Amino acid sequence: MLFEDECMVRAYQSLQYTWFPLGQQRKVPTYGQHEGVILFGVLNYETEHVLYRDGERYDTPVLLQFLDAVLKSYPNGKIVMILDNSRIHHAEQVQAYLQKHTRLYFVSLPKCSPELSLVEGLWKWIKSDVVHNVFYKKFYHIRINVAAFMKSVNDNPLEVVNRLCIRM
């Protein structure tokens, strides 16, 4: 069973849960560009392993490439993928892909229920640890830090269980 979702990480940084003296708001520089990266990810509920890919677009062809990566990473047996009701998940090309790849089965969560998706917690965690209150001089540094974060997550599955899975 895999929980799937997508997340946008923007190049402009955000302030989040930070302390500063009264009247002296903390400032984080930015280079003023609206670059971003889309993260596609699945969390395996059984192994706590996270498979992700990043891209610059959020469209059907990129999602289908990610689904190919999922099928390649899980070469045997049926795959039940729990995901939200995003329009992209119901696109004609995606439905045709599911008919061709019968090992993959989508289960849609109820509308407006992100709290039921474990991957939503992962996105919140990554933004907290990698993006909030930090300035990266180059956008690719964000990608490097996202990769390091994901490696750390996959190297410490017990932390994933404690942080994301225990609430289910």
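Hydrogens, waters and symmetry mates are skipped; everything else that's a heavy atom, side chains included, is used. It should be emphasised that the depicted structure is a prediction, and the values quoted were computed from it without experimental measurement.
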message: Using the salt bridge (Lys or Arg N to Asp or Glu O under 4.0 Å) criterion, which residues pair with K151? Sequence neighbours excluded.
response: D155
message: Exactly one of V107, I82, L83, V70 should register a side chain to side chain contact (heavy atoms under 4.5 Å, CB included) with L2. Which one does?
response: V70
query: Is any side-chain heavy atom of L63 less than 4.5 Å from a side-chain heavy atom of F40?
result: yes
field: Single-linkage hydrophobic cluster L104~L43, side-chain heavy atoms < 4.5 angstrom
entry: no
Heavy-atom side-chain contact between S113 and E115 under 4.5 Å: yes
message: Minimum heavy-atom separation for N85 and S108, please, with both atom names.
response: OD1-CB, 3.6 Å
- prompt: When hydrophobic residues are tied together by side-chain contacts of less than 4.5 Å, even through go-betweens, does M8 share a cluster with I142?
  reply: no
- prompt: Once you round to the nearest 0.5 Å, how far does OH of Y105 lie from CG of L98?
  reply: 10.0 Å
task: Test V119 against E4 for side-chain contact (heavy atoms from CB on, under 4.5 Å), laying out the working first.
output: CA-CA 6 Å; V119 183; E4 189 276 344; 5.8 Å; no
E120 side chain reached by C7 side chain, heavy atoms, under 4.5 Å: no
field: Sub-4.5 Å side-chain heavy-atom contact between E92 and T60
entry: no
query: Is there a donor-acceptor pair closer than 3.5 Å between any side-chain N or O of R103 and the backbone N or O of Y74?
result: yes
message: Assess, by modelled atom type and distance only, whether the side chains of H89 and E6 contain a donor and an acceptor separated by less than 3.5 Å.
response: yes
Flag side-chain contact, heavy atom, 4.5 Å: D84 against S117: no
- request: Just do the side-chain contact (heavy atoms from CB on, under 4.5 Å) check on V146 and V37 with the steps written out, would you?
  value: CA-CA 10 Å; V146 166; V37 63; 5.6 Å; no
message: Once rounded to the nearest 0.5 Å, what's the spacing between atom CD1 of I38 and atom CZ of R57?
response: 10.5 Å
message: Is there a path of hydrophobic side-chain contacts, each under 4.5 Å between heavy atoms, that joins F149 and Y52?
response: yes
task: Give the C-alpha distance, both sets of side-chain angles, the deciding distance and a yes or no for side-chain contact (heavy atoms from CB on, under 4.5 Å) between L71 and Y97.
output: CA-CA 12 Å; L71 289 172; Y97 183 92; 3.2 Å; yes
- prompt: Mind checking whether V80 and F3 have side chains closer than 4.5 Å, heavy atoms only?
  reply: no
message: I want to check something: taking the side chain as every heavy atom from C-beta on, are V9 and W123 in contact at a cut-off of under 4.5 Å?
response: no
query: Would H101 and L67 count as a side-chain contact (heavy atoms from CB on, under 4.5 Å) if you check the C-alpha gap in whole Å, the side-chain angles of each, and the deciding distance to 0.1 Å?
result: CA-CA 10 Å; H101 299 90; L67 295 177; over 6 Å; no
- prompt: Does any non-hydrogen side-chain atom of F66 lie less than 4.5 Å from one of V42?
  reply: yes
- prompt: Distance from M81 atom CE to D5 atom CG, nearest 0.5 Å?
  reply: 11.0 Å
message: Distance check, rounded to the nearest 0.5 Å: D68 atom CG versus K72 atom NZ?
response: 9.5 Å
message: Nearest 0.5 angstrom please: R53 CZ to S73 OG, how far?
response: 5.5 Å
